[in-house]
Amino acid sequence: MFQDRLQALLVPALQAAFSELFNHALDARSVGFQATRPEFEGDVTINVFPFLKQSGKGPEQTAQAIGEHLKAKVPIVERFNVMKGFLNIVIADSYWFGFLQEAATQDILEFPPTGKRVMVEYASPNTNKPLHLGHLRNIFLGYSVSRILKSAGHEVIKVQVINDRGIHICKSMLAWQKFGKGETPDSAGVKGDKLVGKYYVEFDKAYKAEIEALVIGGRSKEDAEKEAPIMLEAQEMLLKWEANDPDVRTLWEKMNGWVYEGFEATYKRAGVDFDKNYYESQTYVLGKNDVLEGLKKGVFYEKDGAVWVDNTKEGLDEKVLLRRDGTSVYMTQDIGTAIKRFEEYPGLSKLIYTVGNEQDYHFKVLFIILKKLGFAWADELFHLSYGMVDLPTGKMKSREGTVVDADDLIEEVVSEARKTGEQLSKLDDISEAEKAELFETIGLAALKYYLLKVDPKKRMLFDPAASIDLQGHTGPFIQYTYARINSLLRKAGTMAQWMHDPKSAWPLLPEERAVIKLLHQFPTVLDEAATKLEPSAIANHSYELVKAYNSFYQAIPVMKEEDAAKREFRIALSATVASVTRKAMWCLGIEVPERM
RNA sequence: GGUCCCGUAGCUCAGCUGGAUAGAGCAUCAGCCUUCUAAGCUGACGGUCGUUGGUUCGAAUCCAACCGGGAUCGCCA
């Protein structure tokens, strides 16, 4: 990494300075470089306060002594200044020119292969209702993480888990049977997932009506909830499903098929995909044997006929893994599925679950259990826990109909992009089809960037008005900068290759230097994003970069520059910003348009 | 009640492996298009970093307590 390379040049020199000046060994890890604050002259800053004990001198003298030593010994240290305990170092232009030369000719956001395989699970929808805003945060986050890991040199396997069985889908099936009159997505003219979701709501209505009737008839609310005929019927249907009843299975396959078509359409429009799907109907039987084996080994224990794990030593509770009747719980399946994945993918070195933070406890327990079962890879499991998405009106609640539908939302951001795009009317000469594609790209960028720029761990507020904003700290602003550079490059024609020639170099302008430094930091940001699984780091740095570029663009002529060497250098700088931005957006799952 | 997460400008968020005068965007106000895309740029306004203690040469950042918000603690999924 380039940041590391600069440090690699400076740290040993600093250590040498230390032993010569103060006769003291300096631990490389204790050295912290920081970017020099803009109000001072310099590129990197060393804070000497931590070294005062060893130097035995005051901050100014210490910094001054180190600065003089570095300037004498390190060619790229051009000059320095001391402000209190801060040693601000100016790195020679030649270093920055040299870096740009490299960045212009290779992808600085593509790391060499690590040989590691990583599985990222980033969607686990139920098949009884359509995808909503919460799913979108999950999907965009996981997709971005998988691309970041890929750029960081890992082999990535993207998977989703489809919760295709259980009482929830039986409810939809039953309601469709009762009230559907044979309606299909085609006959109703709606997406399959929407149709099935509609019958899930129908079930709930009928169920509530039955409860009410029973309560009026004198039953307690709790009894009524248990005794409502339609609920009993749904439970019966679930039993039939488990018994492989042909009629139930046929209906189940038909309705799930509708849902998959609907999901597929949403994923396609959202621009995400998966390498493999796991279906709960196939995995829900897994895990039972593993639990029984754990019982034999004494990892688990039996109480009241059920199998339990005791995690009280870990500060957690006891948890049932097999019910008294021998059937599985959710945890059991997850144990089995994890084991299966590591069997299916030999050499899998990491498994990341992108799941909301309401399941923090679940994953804590799951990982502890797998560790107790003795799987070495248990340490490589990671719960990428993301915060809930709130609306200005409060929490999303499906029962209260406050859920923001994924398809509707995408439609809205795209049409907003269209509205603005047509107002600006810069695109009168391109076809309707091209325009449609462009607005799709811009609208989705607005939405994705809005969801990804926030630290995934944090709960976030979804403000519909802000999410379709195309100005300021937004995806379209970044796209705009890219398109703008492209326009510049088109004017430049076949780009004459700029080559850094140390002999004919000129002083870098502050605007140029600022842009180069942000490019220089980017690989470190990618590394951090890949380590911490934080797309927001990429999103925010991309914004910093294009903002600095726009300031440069505003103040400094590129094509109008008369000195050919400078002109070509600025074209190369612009082209590099464009290509790095494109790659950074790729890491977020965001496309960039050639013009807008 | 136990455990965990969060609290930074009017709003939404950065900054959090301790370091200089805490940064952006939106909103508000004032400038900049006969020159490379104004979806842009420049500037102004705006802060007891929830509160109180502690550690430290130095705390938004680490620790503790409290206040406020959220999640979770099923033989549900």
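Throughout, protein chains are lettered first and strands after them, A, B, ... in sequence-line order, and every chain is numbered starting at 1. The structure presented is a predicted model; accordingly, all values stated were derived computationally and were not measured.
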Mind checking who [N] pairs with, Watson-Crick or G-U wobble, both distances under 3.5 Å?
| N | result |
| --- | --- |
| C4(B) | G70(B) |
| C36(B) | none |
| U55(B) | none |

Q: Considering only NZ, NE, NH1 and NH2 on the basic side and carboxylate oxygens on the acidic side, decide whether K517(A) and D43(A) come within less than 4.0 Å.
A: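 Salt bridge: yes.
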**Q.** Ion pair E225(A)/K221(A), N-O distance below 4.0 Å
**A.**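 Counted as a salt bridge, because a side-chain N and a carboxylate O are separated by less than 4.0 Å.
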Without decimals, in angstroms, what is the distance between [X] [atom1] and [N] [atom2]?
| X | N | atom1 | atom2 | answer |
| --- | --- | --- | --- | --- |
| F552(A) | C36(B) | CZ | P | 15 Å |
| W308(A) | C73(B) | CH2 | P | 14 Å |
| K491(A) | U37(B) | NZ | C1' | 8 Å |
| L427(A) | A38(B) | CG | P | 14 Å |
| D469(A) | C13(B) | CG | P | 15 Å |
| L316(A) | A71(B) | CG | C1' | 15 Å |
| D317(A) | C75(B) | CG | P | 11 Å |
| L438(A) | A39(B) | CG | C1' | 11 Å |

Under 4.0 Å between any heavy atoms, over every strand shown, what does [X] touch: base, sugar-phosphate, or nothing? Just pick one.
| X | value |
| --- | --- |
| A466(A) | nothing |
| I46(A) | nothing |
| V558(A) | base |

It should be established whether [X] places a side-chain nitrogen or oxygen under 4.0 Å from OP1 or OP2 of nucleotide [N].
| X | N | value |
| --- | --- | --- |
| S551(A) | U42(B) | yes |
| R484(A) | A38(B) | yes |
| R165(A) | A77(B) | no |
| K395(A) | A71(B) | yes |
| R324(A) | C75(B) | no |
| K319(A) | C73(B) | no |
| R490(A) | U37(B) | no |
| K84(A) | U21(B) | yes |

As a test of reading the structure: which of [options] is closest to the side chain of [X], going by heavy atoms?
| X | options | result |
| --- | --- | --- |
| K560(A) | U35(B), A20(B), C41(B) | U35(B) |
| R37(A) | A39(B), G25(B), A20(B) | A20(B) |
| P50(A) | G19(B), A77(B), G40(B) | G19(B) |
| F40(A) | A20(B), U37(B), C13(B) | A20(B) |
| D455(A) | A14(B), C73(B), U37(B) | A14(B) |

(Q) Is C33(B) syn or anti, taking syn as a glycosidic angle within 90° of 0? (A)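 Nucleotide C33(B) adopts syn.
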With a 3.5 Å cut-off and just heavy-atom distances, do the side chain of [X] and the base of [N] make a donor-acceptor pair?
| X | N | result |
| --- | --- | --- |
| K426(A) | U37(B) | yes |
| S536(A) | A14(B) | no |
| N88(A) | A20(B) | yes |

Q | Of A483(A) and N47(A), the one whose closest RNA chain B nucleotide lies more 5' | A |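 Whichever sits nearer the 5' end wins; that is N47(A).
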Q | Earlier contact from the 5' end, RNA chain B, for M559(A) and T481(A) | A |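 It is M559(A) whose nearest nucleotide is closer to the 5' end.
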Q) Taking T481(A) for the side chain and F477(A) for the main chain, is one N or O donor matched with an acceptor at less than 3.5 Å? A)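 Answer holds: yes.
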Q.
Working to the nearest 0.5 angstrom, can you tell me the gap between I442(A) CD1 and Y480(A) OH?
A.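 Going from the CD1 atom of I442(A) to the OH atom of Y480(A) covers 11.5 Å.
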(Q) Within this structure, what is the CG-CG distance for the pair L409(A) and L131(A), rounded to the nearest 0.5 Å? (A)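 Interatomic distance, L409(A) CG to L131(A) CG, rounded to 0.5 Å: 12.0 Å.
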Q. Are there more than 12 heavy atoms of other residues, nucleotides or ligands under 6.0 Å from atom CD of E39(A)?
A.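 Correct, the count exceeds 12.
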**Q.** Modelled atom types, side-chain donor and acceptor of Y301(A) and E318(A), under 3.5 Å
**A.**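 Yes, because at least one side-chain N or O of Y301(A) sits under 3.5 Å from a partner of the opposite role on E318(A).
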